[in-house]
Amino acid sequence: MLRVRNLHAYYGHIHAVKGVSLHVNPGEIVALIGGNGAGKSTILRAISGVVPAASGEIVLGEDVITHLSPERILKRGIGHVPEGRRLFRGLSVRDNLALGAYSRTDRAGVKQDLAAMEELFPILGRRRRQISGTLSGGEQQMLAIARALMGRPAVLLLDEPSMGLAPIMVNQIYEKIADLNRSEGLSILLVEQNARMALGLAQRGYVVETGRMVMEGPTSELRQSKEIQRAYLGKGYREVWE
Ligand SMILES: Nc1ncnc2c1ncn2[C@@H]1O[C@H](COP(=O)(O)OP(=O)(O)OP(=O)(O)O)[C@@H](O)[C@H]1O
Ligand SMILES: [Mg+2]
């Protein structure tokens, strides 16, 4: 579905992504974990075209999308929920959702999808006219996800959906992500510092450190890895999984 080969990306002289390869199969949830500054967000930004790929290749389905504009990449079917959500905070919930569909021309379909999003996230229906900057953190995250879904993505890139949320909210968000994957077969690339949640949900995972992939495999194996337990899961992980 989505394949990244030997990707390099820079910010000026900073070499943030140093030859990363990964893939997401149709209908799969793939976790990308790693510490602060490892390059996780940059990988997602390069896939969605907001940071240029200096070299390497990004393929969606049969199409090479490496050097397309972010708008074209969105149209081809990559939805990106960026780190920090990046809502239009002064606009209403409804307007944020509608802007998620700005590149679409099928008005009837957009209308249907607005209704579908309000069904999927009932709070967004109830808060339709609320200014989105005044939503709670969890509600803003739901809105950010719903806005990306309004672009009808084939692959959804999710950057730290759990960031800054209370555990109960994190669980709700993760349930929605699982639902979307199960019911729509949506393919998802999930970036998280919350390795416990991400490795609990995803089928496969990658670990990135200072711009390079250092480990990959089925999450059942990654969870057993001593290095991952030590570096990313901390004590007490057994209480959760075993
Ligand atoms: N806009 C930017 N300008 C310059 N350097 C940047 C910029 N964004 C990120 N970087 C640098 O690129 C590297 C990778 O950053 P990135 O945001 O991809 O990491 P991350 O894995 O997402 O980290 P975090 O978990 O903290 O979000 C870091 O060294 C960071 O300082
Ligand atoms: Mg990040």
Side-chain angles (χ1 to χ4, degrees), residues 1-2 24 27 29 41 44-45 47-50 60 65 68-166 168-192 197 201:
M1 178 101 249
L2 173 69
V24 181
I29 303 182
S41 297
L44 296 195
R45 290 182 197 128
I47 294 171
S48 65
V50 292
L60 179 66
I65 58 166
L68 298 183
S69 67
E71 261 158 290
R72 283 184 183 270
I73 292 173
L74 173 73
K75 272 198 165 169
R76 295 291 177 98
I78 302 236
H80 187 179
V81 183
E83 190 172 335
R85 294 143 203 162
R86 301 288 180 110
L87 295 172
F88 301 100
R89 296 175 58 87
L91 299 184
S92 69
V93 167
R94 209 8 132 66
D95 288 346
N96 268 277
L97 285 177
L99 281 166
Y102 82 97
S103 69
R104 289 173 59 182
T105 48
D106 57 322
R107 287 187 164 215
V110 169
K111 209 171 160 199
Q112 259 177 18
D113 286 353
L114 278 170
M117 286 309 129
E118 293 185 350
E119 200 170 311
L120 184 65
F121 299 102
I123 187 73
L124 299 182
R126 294 197 293 275
R127 302 296 177 83
R128 193 179 294 166
R129 289 177 218 294
Q130 188 168 331
I131 296 301
S132 43
T134 64
L135 294 172
S136 74
E139 290 161 359
Q140 290 190 22
Q141 188 62 56
M142 290 185 193
L143 177 54
I145 293 171
R147 185 181 59 178
L149 292 174
M150 288 300 297
R152 285 263 176 121
V155 180
L156 188 64
L157 312 177
L158 278 173
D159 199 338
E160 306 220 30
S162 74
M163 189 164 48
L165 303 184
I168 186 167
M169 228 31 252
V170 173
N171 286 337
Q172 278 186 34
I173 298 274
Y174 266 69
E175 266 168 36
K176 287 292 179 195
I177 297 170
D179 271 0
L180 283 167
N181 171 255
R182 239 190 335 255
S183 60
E184 316 275 326
L186 184 63
S187 309
I188 297 171
L189 180 57
L190 172 65
V191 159
E192 270 290 358
M197 289 301 291
L201 178 66

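Positions are given from 1, in the same order as the sequence printed here.
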Qualifying residue for side-chain contact (heavy atoms from CB on, under 4.5 Å) with Leu186, from Leu149, Ile29, Val155 =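 Of the listed residues Leu149, Ile29, Val155, the side-chain contact (heavy atoms from CB on, under 4.5 Å) partner of Leu186 is Leu149.
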Notebook entry, point to check: Do Arg128 side-chain atoms and Glu118 backbone N/O form a donor-acceptor pair below 3.5 Å?
Noted result: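 Here the side-chain-to-backbone pair does not exist.
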Check your understanding: Counting N and O atoms only, with roles assigned by atom type, does the side chain of Arg104 sit under 3.5 Å from a partner on the main chain of Met150, one being a donor and the other an acceptor?
Key ->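 It does hold such a pair.
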Nearest 0.5 angstrom please: [X] [atom1] to [Y] [atom2], how far?
X	Y	atom1	atom2	result
Leu165	Gln141	CG	CD	6.0 Å
Leu120	Lys176	CG	NZ	5.0 Å
Arg72	Leu74	CZ	CG	12.0 Å
Leu124	Asn96	CG	CG	10.0 Å
Leu87	Ser132	CG	OG	5.0 Å
Met197	Glu160	CE	CD	13.0 Å

If we only count heavy atoms from C-beta on, is the [X] to [Y] side-chain gap below 4.5 Å?
X	Y	value
Ile123	Leu135	no
Arg45	His80	yes
Met142	Met117	no
Glu184	Asp179	no
Glu192	Pro161	yes
Leu97	Leu143	yes
Leu157	Ile78	yes
Ile131	Arg89	no

Which pair of non-hydrogen atoms, one from [X] and one from [Y], has the smallest distance, and what is that distance?
X	Y	value
Ala154	Met1	CB-CE, 3.9 Å
Pro70	Gly49	CG-O, 3.4 Å
Val81	Ala148	CG2-CB, 3.6 Å
Arg86	Glu83	CG-O, 3.9 Å
Ser41	Asp159	OG-OD2, 2.7 Å

Report task. List the steps and the verdict of side chain to side chain contact (heavy atoms under 4.5 Å, CB included) for Phe88 and Asp95. Result -> CA-CA 9 Å; Phe88 301 100; Asp95 288 346; over 6 Å; no
Practice item. Walk me through it: do Leu2 and Ser187 pass the test side chain to side chain contact (heavy atoms under 4.5 Å, CB included)? Key: CA-CA 9 Å; Leu2 173 69; Ser187 309; over 6 Å; no
Steps toward side chain to side chain contact (heavy atoms under 4.5 Å, CB included) verdict (Glu71, Ser103): CA-CA 7 Å; Glu71 261 158 290; Ser103 69; 5.7 Å; no
What's the verdict on side chain to side chain contact (heavy atoms under 4.5 Å, CB included) for Asn181 and Leu201, showing C-alpha distance, side-chain angles and the deciding distance? CA-CA 10 Å; Asn181 171 255; Leu201 178 66; over 6 Å; no
